[in-house]
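Read the structure below first, then the notes.
Reckoned from all heavy atoms, side chains included, excluding hydrogens, waters and symmetry mates.
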Amino acid sequence: MTPPTRPPRIHHCTSEPFRFFGRDAELPLLVLGLLMAVRRGRKELRARRPPLSWLLVLYALAELVGVALHPRGSPEAVVLPLASLALLLAVYGIAEVLY
C-alpha cells in the first residue's frame with residue numbers, strides 16, 4: 001500500500017466553493033435567528049432578567065469581525081466557524097418560532 005501523495009483537505013462546506021451563503025435558505029434563517037435572539041433579549045430585559053440570548057448575538061458579531069480581520073491566505077479556516085454559526089442561528093431561530 002502506497003501512502004497518499006497529499007493530505008486530505010476540506011475545501012468548502014457549501015454547494016459553492018469558498019462562498020458562505022451558498023444556498024438561498026441560509027441567509028433568511030441566519031437573519032431569523034439573530035432577530036429572534038434580539039427579541040428574546042429585549043423580553044428578558046423588560047422582565048428584569050439578564051438577557052442571556054444576547055450572548056448569541058455577541059458571538060455572531062465576534063465571529064463576523066474575526067472573519068473580516070482574518071488574513072486572506074487560507075479560506076478553509078474561515079468557512080467552518082461561519083458554517084457552525086449558520087447552523088446555530090438557524091436552529092435557534094426555528095426553535096424560537098416554534099416555541
Side-chain angles (χ1 to χ4, degrees):
M1 178 175 208
T2 61
T5 57
R6 62 185 171 99
R9 290 192 208 169
I10 298 175
H11 290 286
H12 57 85
C13 297
T14 63
S15 59
E16 303 285 328
F18 305 126
R19 185 173 165 192
F20 176 58
F21 300 111
R23 294 176 290 272
D24 294 335
E26 288 177 4
L27 185 59
L29 288 175
L30 258 165
V31 172
L32 176 71
L34 279 174
L35 291 177
M36 290 292 131
V38 170
R39 183 175 150 235
R40 168 68 68 123
R42 289 180 62 200
K43 284 182 182 180
E44 291 171 345
L45 194 61
R46 274 189 250 131
R48 297 199 185 270
R49 293 187 306 237
L52 296 178
S53 64
W54 284 354
L55 291 175
L56 182 61
V57 176
L58 183 64
Y59 171 72
L61 292 176
E63 282 293 333
L64 293 175
V65 167
V67 166
L69 296 177
H70 190 72
R72 301 283 180 213
S74 61
E76 297 96 3
V78 173
V79 173
L80 188 59
L82 288 179
S84 65
L85 179 64
L87 178 66
L88 183 65
L89 287 174
V91 168
Y92 182 84
I94 291 171
E96 192 69 27
V97 167
L98 295 177
Y99 177 68

Testing the basics here: between A90 and L29, what is the closest heavy-atom pair and its distance to 0.1 Å?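 Heavy atoms of A90 and L29 come nearest at CB-CB, 3.8 Å.
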Minimum heavy-atom separation for G41 and S53, please, with both atom names.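 That closest heavy-atom pairing would be N-OG, 3.0 Å.
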What distance separates L45 CG from L52 CG, expressed to the nearest 0.5 Å?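 If I round to the nearest 0.5 Å, the distance is 11.0 Å.
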Same hydrophobic cluster for [X] and [Y], using side-chain heavy-atom links shorter than 4.5 Å among ILVMFWY?
X   : Y   : answer
V65 : L85 : no
V91 : L98 : no
L88 : I94 : yes

Report the residues that fulfil salt bridge (charged side-chain N to carboxylate O under 4.0 Å, His left out) with E96, sequence neighbours left out, ordered by chain and then residue number.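 For E96, the residues satisfying salt bridge (charged side-chain N to carboxylate O under 4.0 Å, His left out) (neighbours in sequence not counted) are R40.
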For residues 54-63, dump all side-chain donor-acceptor pairs below 3.5 Å to protein atoms at least two apart in sequence or in another chain.
from, atom 1, to, atom 2, distance (Å)
W54, NE1, V38, O, 3.3
Y59, OH, E63, OE2, 3.3

